[in-house]
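In listed order, ligands and their atoms are each counted from 1.
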Amino acid sequence: MSIHINAEVGQIAPTVLLPGDPLRAKHIAETFFTDPVQHNDVRGMLGFTGTYKGKPVSVQGTGMGMPSAGIYIHELINSYGCKTLVRVGTCGSYHEEVHVRDLILAQAASTDSNINNIRFGAKNYAPIADFGLLLRAYQVAQQRGLRSHVGNVMSSDTFYHDDFDQYKIWAEFGVLGVEMEAAQLYTLAAKFGVRALTILTVSDHLITHEETTAEERQVTFNGMIEVALDAALETA
Ligand SMILES: O=P(O)(O)O[C@H]1O[C@H](CO)[C@@H](O)[C@H]1O
Ligand SMILES: O=c1cc[nH]c(=O)[nH]1
């Protein structure tokens, strides 16, 4: 057991999907896993373990934002020995050509968070995805005919920005969209020598203002989940 996860050691698989929303974790386990067993209920941050295509796999909600996600990522790696962590999240698009329901495979994650400034001081660290996972996820997405974009994302500490137009500077430098956890996932994966990838489904659009419903964010986006499961388990 760790402070925020009440699973027994050995109950969580080496490969873990990480949605922010704990109810998306439940949906993933019920939809894709064979014989899922709930391994965590601390703080309602649900986690489940089962098998997919005969291989053990877990899913663990992380909550929203890097302070919350960092707790679960740290404990999964250091208390449960998890080796492959794939975030399956939602994001806002910064570009006309990146449409709602498209996938973004986060090759790297920029951030406005102070967490890495605390670690690195005035030096800038570039948090990046595991290349093998990224490559396989891109291939699987292509095979499935899913519209997908590979590139830099913005991991923000803020969902509601005081200055809405601040996104434009990131868009100008090629950042594809905004979410709230990938930079911390990639940094912790590098620190502890495990593999990580973030796959995002575009849930809303900062330019066109098209958006998906809360229910869609909770229980759909199944293409993203299948890409994550296939890429993670085939390369493990
Ligand atoms: O859909 P999830 O995985 O929670 O991801 C995105 O959605 C939340 C904000 O609504 C943040 O956690 C952001 O990163
Ligand atoms: O963090 C997020 C997630 C979805 N959409 C956004 O605009 N931001």
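- Annotation: M64 places no N or O atom under 3.5 Å from an N or O atom of ligand 1; distance criterion only.
- The protein heavy-atom contact nearest to atom 14 (O) of ligand 1 is E181 OE1, 2.5 Å.
- When side chains are defined from C-beta on, L76 counts as touching L18, because their heavy atoms get closer than 4.5 Å.
- Considering backbone and side-chain N/O atoms, G20 comes within less than 3.5 Å of an N/O atom of ligand 1.
- Against a heavy-atom cut-off of under 4.0 Å, G89 is close to the following atoms of ligand 1: 3 (O).
- Remark: side-chain polar atoms of T158 are not paired, donor with acceptor, to backbone N or O of Y160 under 3.5 angstrom.
- With hydrogens and angles ignored, the 3.5 Å screen pairs no side-chain donor or acceptor of N6 with any backbone N or O of M1.
- With S203 contributing its side chain and C91 its backbone, the two residues share a donor-acceptor pair below 3.5 Å.
- For ligand 1, the atoms lying closer than 4.0 Å to a non-hydrogen atom of T90 are 1 (O), 2 (P), 3 (O), 5 (O), 6 (C), 7 (O).
- Of all heavy-atom pairs spanning T15 and A232, the tightest one is CG2-CB, 3.6 Å.
- Under a 3.5 Å cut-off, the side chain of S148 and the backbone N or O of L146 do form a donor-acceptor pair.
- Listed by number with element, the atoms of ligand 1 under 4.0 angstrom from any heavy atom of F159 are 9 (C), 10 (O).
- In terms of protein heavy atoms, atom 5 (O) of ligand 1 is closest to R87 NH2, 2.9 Å.
- By the 6.0 Å contact criterion, CZ on R43 is open, its count of non-hydrogen atoms from other residues, nucleotides or ligands being 12 or less.
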When you pair each N or O of ligand 2 with protein N or O atoms, which pairs come out under 3.5 Å?
unit_1	atom_1	unit_2	atom_2	d
ligand 2	5 (N)	G92	N	3.2
ligand 2	5 (N)	D204	OD1	3.2
ligand 2	5 (N)	D204	OD2	2.9
ligand 2	7 (O)	D204	OD1	3.2

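- The two residues S93 and V98 have their closest heavy-atom pair at OG-O, 2.8 Å.
- Hydrophobic cluster membership for V175: Y94, M154, F164, Y167, I169, W170, F173, V178, L206, I207 (Ile, Leu, Val, Met, Phe, Trp, Tyr linked by side-chain heavy atoms under 4.5 Å, directly or transitively).
- A donor-acceptor pair is defined here as one N or O able to donate and one able to accept, closer than 3.5 Å; no such pair exists between the side chain of D204 and the backbone of H209.
- Under a 4.0 Å criterion applied to the non-hydrogen atoms of E179, ligand 1 contributes the atoms 14 (O).
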